Enquirer: 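Dumping the structure here so I can ask a few things about it.
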Amino acid sequence: MTAFGIDLGTTNSCIAYVDDAGRPVIVRNAIAENLTPSVVYFERRDSIVVGSAAKNAALLAPDLAVQLVKRQMGKKGVEYTFHGTRYTPETISALILKELAAAAHRQLGRPVRDVVITVPAYFGVAEREATRQAGQIADLNVLDVLAEPVAAALSHQERHPAKRVRHLLVYDLGGGTFDTTVIRVDGDEVNVICTGGDKELGGADWDARVRDYLSNAFTERHPRLDPSADETFMQDLWIKAEQLKQELSSAMTRRRTLRFGGAAVQVEISRQRFQELTADLLDRTLKITEETIHKAARKGVSQFDEVILVGGMTRMPAVAARLEELLDAGGWRPAEGPGLWRHEPDLAVARGAALFALVKQIQQDGSPEQDGPHQQAEQIADRLGISAAQAEAMRARRVTTVVPRGLGMRVIDHGDPLATTDPSRARTMIIHLLPADTPLPADSGSVLFHTALDNQPIIEIEVWEQTEQGSSEELADNTKIGRGRLRGLPPKLPKGTSIQVTFSMNETGLLTVYAVEPGSGREVRFDLQIGGMDRAAIEKAKTAVARHDISS
Ligand code: ADP
Ligand code: MG
């Protein structure tokens with residue numbers, strides 16, 4: 001069965017597979033687009049529209065549409081209600097996935113079942129799990145979730161194979177998120193060195209600047225007219241703003257006519273003016289890129305052989321220009337000076353995901369007890385219609401990823417005098433057992449803690465994840481993502497009793513916490529209880545999503 005790669009984007013989503021010649025191919029949707037806008041429109045109770053039609057329908061009835069749902073993935077308590085039915089970010093994303101799968105099924109005549117879905121590199125455990133669940137709700141078998149920059153690197157490597165070790169800097173500016181990642185590629189091995197990003201920064205912010213510019217130009221000319229309360233006018237302004245932004249990537253100046261209340265105003269905007277209006281946004285991406293480069297330097301990577309531009313926004317000429325400046329100023333380019341690569345930047349992630357889906361499928365398949373590896377590769381190659389050498393190369397490929405954000409445990413601060421007199425009121429803080437960017441699989445080893453009170457019958461282990469860049473022990477800079485209890489401790493346990501805690505994370509990002517009180521041997525082991533849904537909830541959401549008739 002063909003495995004598919006899905007780029008479930010903030011603004012646009014895309015599905016791809018690897019063809020008989022071993023090349024990743026994008027599957028077009030029902031209206032022949034490569035990209036399907038990640039917009040869901042709830043037309044009627046049982047009729048849901050996904051894609052461009054939904055994006056257009058949202059113009060007239062924004063209250064019936066959901067956009068940028070990826071920004072809500074993994075957040076607890078986010079809910080939408082349409083026609084009396086409640087939806088979570090996972091179920092909304094599942095509707096988008098179902099639409100992509102249905103389109104691929106129609107185009108290729110094969111059902112879509114095994115998939116790899118991509119996520120931003122800095123997505124934490126909860127967001128990754130939410131993405132996996134969205135796939136399950138859509139009735140897909142999620143082989144893995146893969147970091148978008150790794151997918152982009154795989155796609156780049158397929159187009160420009162190189163045997164020697166290379167360091168890549170991936171700069172991905174999409175519609176709603178920005179991230180930048182340093183990757184090491186050594187033959188078949190792909191490692192993430194470090195990553196940085198901002199999930200609240202993307203093309204929509206550029207659009208907002210252009211929209212404000214347009215609406216200001218209108219009110220300057222007609223101070224007594226106020227179109228800002230008119231939803232249709234404002235939605236139309238969004239569309240115009242985005243079009244202008246895109247056109248200014250190739251044109252030097254563009255015009256649009258705005259009509260409201262019987263008045264018509266022609267507004268002109270030059271690329272120069274557009275770049276001034278949005279300069280601080282681009283600066284923010286460069287600042288994060290620079291921080292990420294410094295982080296890589298501390299890990300021994302000080303030069304980049306290639307810079308890969310990903311995301312539709314990198315079609316803006318200013319991106320490449322400013323990145324070149326940054327790299328030259330820092331001396332981060334080797335003398336032979338590689339270029340900045342940009343090849344259909346909004347499709348690269350889906351292509352890489354398709355390649356990885358095939359790798360995963362090959363690695364999971366086969367029956368090692370009976371056949372030698374060569375025979376296996378041949379069988380797989382046969383079934384997939386690729387050469388045995390290709391299948392062999394695929395099997396050898398390894399992708400190593402890192403702990404996306406620091407993971408720790410909440411403890412009482414022994415520096416606080418209250419810790420001895422009244423521990424329940426003492427300051428608490430987070431100790432990170434697995435720092436961000438630790439390569440996976442990761443293991444903290446056993447870390448020693450001590451009980452704070454006499455006669456503690458239960459010890460509560462709270463697992464926290466750092467929210468943004470940089471490790472901080474402050475509660476405010478971390479979020480609680482799960483907990484477990486060490487119960488049945490012997491009576492009269494004096495305070496200061498040792499407790500050993502181990503955090504470990506496997507390649508797919510599943511966190512296991514183990515705690516033991518060595519004196520009694522009482523122990524607890526739990527996989528992370530993530531804020532997402534349990535199995536029953538997924539099954540329920542699955543039937544709810546399946547009931548709808550989705551059309552694009
Ligand atoms: P995401 O990964 O967030 O889903 P994409 O990589 O598809 O998004 O990028 C979408 C963004 O790229 C949108 O803001 C879109 O307006 C922008 N974009 C697409 N083409 C161009 C272009 N030619 N010039 C500037 N921006 C563009
Ligand atoms: Mg993207």
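Numbers for residues simply follow the sequence, beginning at 1. This one's a predicted model, so the numbers in the text were calculated from it and none came from an experiment.
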Enquirer: Please step through salt bridge (charged side-chain N to carboxylate O under 4.0 Å, His left out) for the pair Arg273 and Glu268, ending with a clear verdict.
Expert: CA-CA 10 Å; Arg273 187 84 193 93; Glu268 186 176 286; over 6 Å; no
Enquirer: Can you find a heavy atom in the side chain of Arg23 that is under 4.5 Å from one in the side chain of Glu158?
Expert: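 SC-SC contact between Arg23 and Glu158 confirmed.
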Enquirer: Please step through side-chain contact (heavy atoms from CB on, under 4.5 Å) for the pair Glu325 and Asp328, ending with a clear verdict.
Expert: CA-CA 5 Å; Glu325 266 173 41; Asp328 288 339; over 6 Å; no
Enquirer: Verify salt bridge (charged side-chain N to carboxylate O under 4.0 Å, His left out) between Arg28 and Glu33, making sure each step is shown before the conclusion.
Expert: CA-CA 5 Å; Arg28 292 177 175 232; Glu33 297 164 324; over 6 Å; no
Enquirer: Write out all pairs satisfying salt bridge (Lys or Arg N to Asp or Glu O under 4.0 Å) with one or both partners inside residues 219-229, taking only residues at least two apart or from two chains.
Expert: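 Of all non-adjacent pairs touching residues 219-229, none passes salt bridge (Lys or Arg N to Asp or Glu O under 4.0 Å).
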Enquirer: If you round to the nearest 0.5 Å, how far is CG of Leu323 from CZ of Arg342?
Expert: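 Interatomic distance, Arg342 CZ to Leu323 CG, rounded to 0.5 Å: 10.5 Å.
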Enquirer: Would you check if the distance from the ring center of Trp332 to the ring center of His167 is below 6.0 Å?
Expert: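 Ring centroids of Trp332 and His167 are no less than 6.0 Å from each other.
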Enquirer: Can you tell me how far the CZ atom of Arg271 sits from the OG atom of Ser249, to the nearest 0.5 Å?
Expert: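 It is 7.0 Å, given to the nearest 0.5 Å.
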Enquirer: If you define the side chain from C-beta out and look only at heavy atoms, does anything of Pro120 sit under 4.5 Å from Lys199?
Expert: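 Heavy-atom side-chain distance check fails, nothing below 4.5 Å.
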Enquirer: Fit a plane to each ring of Trp341 and His156, take the angle between them on a 0 to 90° scale, and name the class: parallel (under 30°), tilted (30 to 60°) or perpendicular (over 60°).
Expert: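 Rings of Trp341 and His156: perpendicular, as their planes differ by over 60°.
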Enquirer: Run the salt bridge (charged side-chain N to carboxylate O under 4.0 Å, His left out) check on Asp305 and Arg333 step by step: do they pass?
Expert: CA-CA 7 Å; Asp305 301 288; Arg333 273 211 272 200; over 6 Å; no
Enquirer: Let me confirm one number: the CG-CG distance from Asp114 to Leu143, rounded to the nearest 0.5 Å.
Expert: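 Rounded to the nearest 0.5 Å, the CG-CG separation comes out at 4.5 Å.
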Enquirer: Table please: side-chain donor-acceptor pairs of residues 168-184 below 3.5 Å, with sequence neighbours left out.
Expert:
| unit_1 | atom_1 | unit_2 | atom_2 | d |
| --- | --- | --- | --- | --- |
| Tyr171 | OH | Thr285 | OG1 | 2.7 |
| Thr180 | OG1 | Val170 | O | 3.2 |
| Thr181 | OG1 | Thr195 | OG1 | 3.1 |

Enquirer: Quickly, which of Glu200, Glu148, Glu127 forms a salt bridge (Lys or Arg N to Asp or Glu O under 4.0 Å) with Lys70? Name it, please.
Expert: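 Among Glu200, Glu148, Glu127, the one meeting salt bridge (Lys or Arg N to Asp or Glu O under 4.0 Å) with Lys70 is Glu148.
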Enquirer: Would you check if Pro89 and Val78 make a side-chain contact, meaning some heavy-atom pair closer than 4.5 Å?
Expert: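 The answer is yes, as the side chains (C-beta and beyond) meet within the 4.5 Å cut-off.
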Enquirer: Does the side chain of Arg71 come within less than 4.5 Å of Leu68's, by heavy atoms?
Expert: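 SC-SC contact between Leu68 and Arg71 confirmed.
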Enquirer: Measuring only between side-chain heavy atoms, which start at C-beta, is Val125 closer than 4.5 Å to Glu465?
Expert: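 Side-chain contact under 4.5 Å: yes.
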Enquirer: If you look at every heavy atom in Ala350 and Cys14, which pair is closest and at what distance?
Expert: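 For Ala350 and Cys14, the tightest heavy-atom pair comes out as CB-SG, 3.6 Å.
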Enquirer: Do we see a donor-acceptor contact under 3.5 Å between the side chains of Arg256 and Gln243?
Expert: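 The criterion, which ignores hydrogens and geometry beyond distance, is satisfied for Gln243 and Arg256.
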Enquirer: Could you tell me whether Tyr87 and Phe42 have their ring centroids closer than 6.0 angstrom?
Expert: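 Between Phe42 and Tyr87, which both carry aromatic rings, the centre distance is below 6.0 Å.
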Enquirer: Does the ring center of Phe233 lie less than 6.0 Å from the ring center of Phe218?
Expert: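 Close enough - the centres of the two rings lie under 6.0 Å apart.
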Enquirer: Quick check on Lys287: does its NZ atom have over 12 non-hydrogen neighbours (other residues, nucleotides or ligands) under 6.0 Å away?
Expert: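 No.
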Enquirer: What is the minimum heavy-atom distance between Arg128 and Ala121, and which atoms define it?
Expert: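 Smallest heavy-atom distance, with atoms named: NH2-O, 2.8 Å.
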Enquirer: Nearest 0.5 Å, what's the CD-CD1 distance between Gln303 and Ile293?
Expert: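 Interatomic distance, Gln303 CD to Ile293 CD1, rounded to 0.5 Å: 11.0 Å.
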Enquirer: Mind listing the closest non-hydrogen atom pair of Ser52 and Ile31 along with its distance?
Expert: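 Residues Ser52 and Ile31, closest heavy atoms: CB-CD1, 4.0 Å.
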Enquirer: Could you tell me which non-hydrogen atom of Ser155 sits nearest to which non-hydrogen atom of Ala348, and how far apart they are?
Expert: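 That closest heavy-atom pairing would be CB-O, 3.4 Å.
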Enquirer: Evaluate Leu244 against Ile269 for side-chain contact (heavy atoms from CB on, under 4.5 Å), listing each step before the verdict.
Expert: CA-CA 8 Å; Leu244 283 169; Ile269 181 167; 4.2 Å; yes
Enquirer: Consider only side-chain N and O atoms of Gln272 and Ser270, and report whether a donor and an acceptor are under 3.5 Å apart.
Expert: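 The criterion, which ignores hydrogens and geometry beyond distance, is not satisfied for Ser270 and Gln272.
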Enquirer: Pair up each side-chain donor or acceptor in residues 234-242 with any protein partner under 3.5 Å, not counting sequence neighbours, and list the distances.
Expert:
| unit_1 | atom_1 | unit_2 | atom_2 | d |
| --- | --- | --- | --- | --- |
| Asp236 | OD2 | Lys240 | NZ | 2.7 |
| Glu242 | OE1 | Lys55 | NZ | 3.2 |
| Glu242 | OE2 | Gln246 | NE2 | 3.3 |

Enquirer: For residues Leu8 and Ser93, report the shortest heavy-atom separation together with the two atoms involved.
Expert: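 What the structure gives for the nearest pair is CD2-CB, 4.1 Å.
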Enquirer: Answer yes if the side chains of Thr292 and Thr289 hold a donor-acceptor pair under 3.5 Å, and no otherwise.
Expert: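 Short answer, no.
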Enquirer: Would you give the length of the straight line joining atom OG1 of Thr36 to atom CG of Asn29, rounded to the nearest 0.5 angstrom?
Expert: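 Answer rounded to 0.5 Å: 3.5 Å.
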Enquirer: Rounded to the nearest 0.5 Å, what separation is found between the CG atom of Leu154 and the CG atom of Leu355?
Expert: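 Rounded to the nearest 0.5 Å, the CG-CG separation comes out at 6.5 Å.
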Enquirer: Quick one: do His343 and Arg159 satisfy side chain to side chain donor-acceptor pair (under 3.5 Å)? Show the steps, please.
Expert: CA-CA 10 Å; His343 170 74; Arg159 292 178 53 81; 3.2 Å; yes
